[in-house]
Number of protein chains: 2
Amino acid sequence: MNTIITIGREFGSGGRELGRRLAEELGFDYYDKEIITEIAKKTSFSEQYVQQIIEKNPHDLFPITVGHSFSYVDSYALHQKQTIFTEQDNVINEMADKSNCVIVGRCADYILRDKKPFRIFVYADIKSKVERCIKNGTAGEELNPKKLAKHIKKIDKQRRSYYEFFTGKTWGDKLNYDLCVNTSSVDIKEFAKHLADMFKDAEK
Amino acid sequence: MNTIITIGREFGSGGRELGRRLAEELGFDYYDKEIITEIAKKTSFSEQYVQQIIEKNPHDLFPITVGHSFSYVDSYALHQKQTIFTEQDNVINEMADKSNCVIVGRCADYILRDKKPFRIFVYADIKSKVERCIKNGTAGEELNPKKLAKHIKKIDKQRRSYYEFFTGKTWGDKLNYDLCVNTSSVDIKEFAKHLADMFKDAEK
């Protein structure tokens with residue numbers, strides 16, 4: 001069975017950087033935005049549409065109905081959304097079956113639970129996350145620290161909502177992960193190197 | 001400044017083993033039960049009495065009073081308890097000032113917060129903790145798995161209560177730690193080895 005590392009992460013915590021560095025150190029495939037591209041290919045929707053559906057509050061995707069009173073339009077939109085989520089499951093499972101890999105986000109820890117991935121959660125205090133976003137220009141350079149903090153909290157609220165809706169588990173609850181790394185104080189580059197060594201040793 | 005590693009841990013999660021292995025790999029001093037011994041020496045109380053006070057629900061140590069209605073006995077007992085907690089602070093600070101070290105338990109992460117220790121929290125699912133306790137004979141061999149699980153939860157409740165009373169923070173909340181390790185799936189020996197390498201590299 002392939003070695004699969006999944007990364008859940010707070011916005012601005014450097015989860016993507018940790019994932020990328022781990023993949024590089026280990027020579028593993030790395031999947032992040034590539035998941036959206038693959039879903040778009042399989043569903044013939046645009047990448048923008050797939051992204052929009054995936055990032056939307058999942059509760060909006062399943063309207064409350066009384067007596068099957070969907071309109072045709074609602075029902076069609078719902079069907080499209082369900083198609084996207086089914087394909088997300090397929091794409092992530094195919095990636096995990098293909099080779100050793102690191103997968104960032106997309107509830108991969110839950111989707112792949114039967115394949116026993118090594119599940120990492122990356123987090124940081126809000127000050128560090130704001131600083132990282134400013135340094136990397138992640139959220140547009142026009143945002144001041146106060147607005148950035150608000151933006152980060154909004155994105156994390158969406159991630160929490162998405163994760164909890166689809167998994168029934170609490171996003172960021174340490175019991176759902178094998179390792180939780182606080183990048184306010186842990187050096188990502190150094191940590192990735194030594195964690196990668198642990199995986200290399202395990203493969204020997 | 002010395003390198004200080006503090007370990008918070010759930011009962012039966014192997015936190016002590018991780019701490020001991022890290023100290024061995026790094027050649028650091030290791031403090032666990034030694035803290036109780038030192039407090040006993042400094043206060044002239046017996047180790048048993050110190051242990052008993054420290055493990056008791058902290059809320060019992062500070063009785064609610066109306067109009068300073070302490071009895072002499074209550075007041076004397078309270079004074080003894082406060083002495084023990086003051087000495088705990090002193091002992092832990094002295095240990096941290098003496099040399100590089102690993103300190104297990106005793107809210108050391110909070111007591112030493114100005115010295116910026118590297119704070120690890122070790123946890124596991126209840127099944128793994130029961131298995132570890134049975135394997136190590138930690139909680140007496142007479143306990144069956146169901147009773148052991150109850151015992152583990154009781155001890156963890158005491159630890160939570162103790163930590164939260166003295167620090168005002170949530171025990172096990174990942175934001176209070178730099179790294180949280182789930183020993184249900186992480187091999188303690190291997191992890192200690194590679195984490196120790198990270199500290200060795202940082203000292204170079």
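Each chain gets a letter, A, B and so on, in the order the sequences are listed, and its residues count up from 1. Nothing here was measured: the structure is a model prediction, and the numbers come from that model.
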query = Of the backbone (N, CA, C, O) and the side chain (C-beta and beyond), which part of A:Ala202 lies under 4.5 Å from a heavy atom of chain B, both, or neither?
reply = neither
request  = Sequence neighbours left out, what passes ring-ring contact (aromatic ring centres under 6.0 Å, His included) with A:Phe199? Give chain and number order.
outcome  = A:Phe118
request  = Identify which part of B:Phe121 has an atom lying under 4.5 Å from any heavy atom of chain A, answering side chain, backbone, both or neither.
outcome  = side chain
Step through the atoms of chain B and chain A and list each donor-acceptor pair whose separation is under 3.5 Å.
unit_1	atom_1	unit_2	atom_2	d
B:Tyr123	OH	A:Lys174	O	2.6
B:Tyr123	OH	A:Tyr177	O	3.0
B:Gly172	O	A:Lys174	NZ	3.1
B:Lys174	O	A:Tyr123	OH	2.6
B:Lys174	NZ	A:Gly172	O	3.1
B:Tyr177	O	A:Tyr123	OH	3.0
B:Tyr177	O	A:Asn182	ND2	3.0
B:Asp178	O	A:Asn182	N	2.9
B:Asp178	OD1	A:Ser185	OG	2.3
B:Cys180	N	A:Cys180	O	2.9
B:Cys180	O	A:Cys180	N	2.9
B:Asn182	N	A:Asp178	O	2.9
B:Asn182	ND2	A:Tyr177	O	3.0
B:Ser185	OG	A:Asp178	OD1	2.3
B:Lys193	NZ	A:Asp201	OD2	3.0
B:His194	NE2	A:Asp201	OD2	3.1
B:Asp201	OD2	A:Lys193	NZ	3.0
B:Asp201	OD2	A:His194	NE2	3.1

